[in-house]
J.: 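Have a look at this one.
Here the structure is a predicted model, which means the values were calculated and not measured.
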Amino acid sequence: MLKRIHAASLAAAFVAGAISPALAQGEVNVYSYRETKLIQPLFDAFTKDTGIKVNVISASSGLEQRIKTEGENSPADVLLTVDIGRLEEAVKAGISQAIVSAELDKVVPPQFRDPEGHWYAISMRARVVYASKERVQQNSLTYEELADPKWKGKICIRSGQHMYNNVLIAAYIAHHGEAKAEEWLKGVKANLAQKPSGGDRETARDVAAGKCDLGIGNTYYYGLMQANPQQKPWADATKVILPTFAGGGTHVNVSGVVLAKHAPHKAEALKLIEWLAGEKAQHMYADVNYEYPLRPGIAINPAIAAFGTLKADPLPLSKIANERKAAAALVDKVGFDN
Amino acid sequence: MRSDTGGPALRGAVGRLPADRIASLTIALAAAALIALPLASLMRLAVTGDAELWPHLAAYVLPHAIVQTALLLIGVAAVTALTGIAPAFLVAGFEFPGRKVLEWLLPLPLAIPTYIAAYVYADILDAAGPVQSALRAVFGFRTGADYWFPPVRSLGGAILIIGLVVYPYVYLTARALFKTQSASFAEAAHTMGATLWQTFRYISLPLARPAIAVGLALALLEALNDIGAAEYLGVQTLTLSIFTTWLNRGSLGGAAQIALALLAVVTLLIALERTARRRQSIEGDAQDGTVTRRLPLTGRAGVLAAIACAIPVAFGFVIPGGYLLREAIRRGLIAGIEPSLLTALATTVALAAAATAVVLAVGIAAAIPLRLVPVKAALSLLAVASMGYAVPGTVLALGLLSPLVAGDEILNGLSRWLTGVPLGLVLAGSSAALILAYTARFASISIGVVQAGLAQMPREFDESARLDGAGIGALLRHIHLPLLTPALTGAALLVFVDCLKELPMTLLMRPLNVETLATSIYQFATRGSFEDGALAALLIVLAGIPPVILLMRAPDAREARR
């Protein structure tokens with residue numbers, strides 16, 4: 001038995017030693033909520049431009065908590081997120097430091113960055129409606145209208161607790177207050193064709209198959225579906241409507257960056273962040289992942305531009321993020337997912 | 001059969017060896033403490049959590065989540081009992097057409113992760129899938145809203161999908177028992193004129209109960225722990241609620257509180273089961289372990305038996321495996337295999353192998369000493385310690401991080417003092433963290449299997465060895481470990497396959513630049529194009545097949561020697 005334990009610990013030590021993170025200079029360590037497939041081409045281009053190596057881990061949750069627990073010894077330099085809630089969460093967890101960059105202040109509009117400089121948005125996506133071309137005549141919609149009984153049994157959506165919907169509901173609260181948001185959410189629930197489940201692409205698939213007439217999803221999925229031969233029929237059967245809040249704009253969320261408080265490669269990290277807001281990276285965001293670039297003057301991908309001109313909701317994102325907990329509570333309260 | 005009293009002779013023997021006794025207990029407690037590390041850390045987190053969340057959870061979340069979870073578990077128990085126990089009984093005791101092939105195919109669904117099965121079945125059975133499209137074409141329906149079709153993304157769908165891929169836990173443990181211990185009794189009953197049903201109901205099933213309980217517990221804990229399939233299929237389980245509480249309300253403390261409450265319930269259930277089992281102990285006699293000839297089933301009975309065994313194989317393995325293969329071919333993934341995927345394959349196998357070795361060692365170190373020195377308090381501690389399985393992977397991983405970082409701080413302090421240079425996060429930031437996480441999560445498998453194996457092992461062995469003057473070490477080397485080898489092989493392969501599939505902890509705890517097959521699939525799934533990860537999924541399945549085949553061969557080899 002001892003022999004076995006010895007062998008096991010040797011094996012463990014071997015694996016640990018073989019792939020423990022390097023702390024050499026000329027590198028930057030990124031903790032990412034963005035999927036590798038999208039982000040890796042950007043990192044490769046960055047390495048080619050600057051000679052700085054990028055090490056990555058990507059996960060779906062818990063990265064800010066990991067950085068917080070790792071403390072002063074954390075190898076993390078940059079946290080990349082896909083949601084305003086996560087950006088604010090990272091700042092609240094005390095794992096960030098202010099980014100001082102005149103270049104970034106010049107290209108990222110004030111609405112899309114933290115006043116103290118603790119986070120900067122890099123790209124943008126809108127939460128929109130995939131409507132059946134065949135069964136939906138109208139070409140404009142308000143978010144408020146989704147609760148209209150005329151859509152009874154006709155709406156598909158993923159879980160109300162998913163972060164994309166969480167922030168959309170938070171935006172509704174920020175616009176209309178909690179009481180009205182509760183009424184609205186009850187109304188949307190009453191209009192559902194099926195229990196909230198699946199992801200945004202299942203929503204589009206169900207609209208295409210006639211299970212529902214309206215689906216709620218993010219803009220970039222639509223671009224991805226058009227580029228994928230198997231999924232193109234779903235995109236072809238649907239049209240994208242950019243809904244607006246009554247008197248406001250279309251709900252957008254952002255992907256963004258945080259500079260880690262104890263970043264061991266701060267200079268490289270700043271270089272990477274500025275590079276991500278630069279022209280080359282912003283083009284890639286638009287063309288590889290069908291997002292809205294944040295830097296002015298970068299062309300939107302034609303597949304996305306075809307939805308019409310995006311008028312983003314002018315309410316500051318940080319104000320919307322403040323309502324996230326209330327939104328999560330509301331989803332439970334009306335039993336949206338049940 | 002005999003009652004489990006421990007035996008006066010053994011107690012006497014142990015009583016004479018205080019040093020051995022202390023050593024045994026120390027080893028067991030150290031192993032238990034290692035597994036309990038993340039749980040202890042969760043308790044600390046739970047204390048920091050605010051209590052203000054509870055009224056909301058009690059009013060709006062928990063009632064529904066408890067009912068959904070209970071229904072899911074009852075459903076999965078029913079499905080796995082049907083698809084696990086019956087085929088095990090049939091292939092172990094009877095000869096029928098296709099038995100040999102089916103016996104080997106039956107455990108293969110083990111290699112299919114639940115979240116992948118969920119994606120595959122939703123693709124096949126959702127409104128846009130081939131089944132419903134065909135229905136619409138045949139009956140002339142225009143859209144999916146014109147007719148009723150049982151929804152895949154539902155509680156019922158989750159029960160069937162999860163049940164069909166986790167039944168092998170029950171099948172494997174039940175088969176081993178049906179094959180050896182109960183066979184002689186079953187044959188005796190049969191020669192005395194008992195019907196097949198009577199033999200099964202009154203002899204084989206009760207005898208196999210401890211083993212089935214272990215298998216069922218593993219299957220249910222797998223279902224309980226699942227987040228990927230539950231979220232995708234829209235089932236609001238407790239585990240998913242824990243996750244949401246933490247993510248959307250930023251309350252890891254609150255999540256830890258719910259996790260611990262959930263743990264208390266699981267512990268209670270297992271304690272109840274153990275109490276019930278104690279009254280009906282079925283330790284074997286020294287002469288046990290015989291394997292009898294299988295009874296032939298011919299004609300309609302043979303065909304029915306073959307169908308009963310083929311159904312779980314078809315739905316649990318052939319359909320999802322075939323789907324992945326088709327997608328991988330259709331997308332040209334097999335021709336254009338990416339080098340990064342091969343690296344991921346190597347990493348996955350290396351990590352799983354290392355973790356399996358540690359899990360086995362810890363399981364043996366924790367369970368065997370307590371057979372020699374059955375201290376009640378230590379046994380209870382072990383039961384609690386091995387509950388890492390019942391905590392959502394991500395929460396468990398975060399629980400594990402704090403003690404690892406604390407260990408790193410000590411190491412860094414030492415190294416600064418000795419060399420002036422800090423080491424960085426050698427524990428928390430390396431694959432060692434991941435291996436420890438797997439250990440905390442899957443130790444219950446090896447502990448459960450070792451304990452079940454020991455429960456079957458007659459205490460007369462221990463007693464006579466002890467009376468001959470064998471020390472604890474000799475007893476371990478010459479009696480326990482050799483007799484446990486088949487059970488340990490089984491546990492090793494279950495743990496190995498589980499590590500291959502593990503996703504949530506791997507995502508969060510892996511070091512920089514490390515990808516496993518599961519995390520590669522996740523990358524595709526988050527982009528809404530899960531099928532592009534078909535090859536990675538297929539590689540998990542392929543990596544899982546050799547161990548499963550080994551698993552099937554271990555008892556067969558023994559059988560051949562007789």
J.: Could you grab the distance from atom SG of A:Cys156 to atom CZ of B:Arg153, nearest 0.5 Å is fine?
T.: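 Answer rounded to 0.5 Å: 7.0 Å.
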
J.: For chain B, which of A:Glu202, A:Lys195, A:Gln231, A:Gln194 has the most heavy-atom pairs under 4.5 Å?
T.: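 Heavy-atom pairs under 4.5 Å are most numerous for A:Glu202.
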
J.: Going by salt bridge (charged side-chain N to carboxylate O under 4.0 Å, His left out), name the pairs with one or both residues in residues 224-238 of chain A, residues two or more places apart or in two chains.
T.: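 Those involving residues 224-238 of chain A are A:Lys232-A:Asp236.
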
J.: Identify which part of A:Asn289 has an atom lying under 4.5 Å from any heavy atom of chain B, answering side chain, backbone, both or neither.
T.: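 Both parts, heavy atoms under 4.5 Å.
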
J.: If the threshold is 4.0 Å, N to carboxylate O, is there a salt bridge linking B:Asp532 and A:Arg201?
T.: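 No salt bridge links B:Asp532 with A:Arg201.
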
J.: Please tell me whether B:Glu231 and A:Ser159 have a donor and an acceptor in their side chains that are separated by less than 3.5 angstrom.
T.: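 Short answer, no.
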
J.: How far does CG of B:Asn513 sit from CG of A:Asn55, to the nearest 0.5 angstrom?
T.: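 Going from CG on B:Asn513 over to CG on A:Asn55, the span is 4.0 Å.
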
J.: Residues two or more places apart in sequence or in another chain: which of them pass ring-ring contact (aromatic ring centres under 6.0 Å, His included) with A:Phe43?
T.: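 None.
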
J.: If you count heavy atoms of other groups shown closer than 6.0 angstrom to CD of A:Gln230, is the number above 12?
T.: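 Yes.
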
J.: Tabulate, in ascending numerical order, the residues of residues 403-411 of chain B having at least one heavy atom closer than 4.5 Å to a heavy atom of chain A, or enter 'none'.
T.: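 The residues closer than 4.5 Å to chain A, in numerical order, are B:Val405, B:Glu409.
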
J.: With only heavy atoms counted, which part of B:Leu252 is less than 4.5 Å from chain A, the side chain, the backbone, both or neither?
T.: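 Answer is side chain: those atoms of B:Leu252 sit under 4.5 Å from chain A.
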
J.: Examine whether an atom of A:Val334 lies under 4.5 Å from a heavy atom of chain B, and if so say whether it belongs to the side chain, the backbone or both; otherwise answer neither.
T.: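 Looking at A:Val334, nothing touches chain B.
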
J.: Once salt bridge (Lys or Arg N to Asp or Glu O under 4.0 Å) is applied, do any residues pair with B:Arg330, and if so which ones, sequence neighbours excluded?
T.: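 Testing B:Arg330 for salt bridge (Lys or Arg N to Asp or Glu O under 4.0 Å), a comparison that skips the adjacent residues, returns B:Glu327.
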
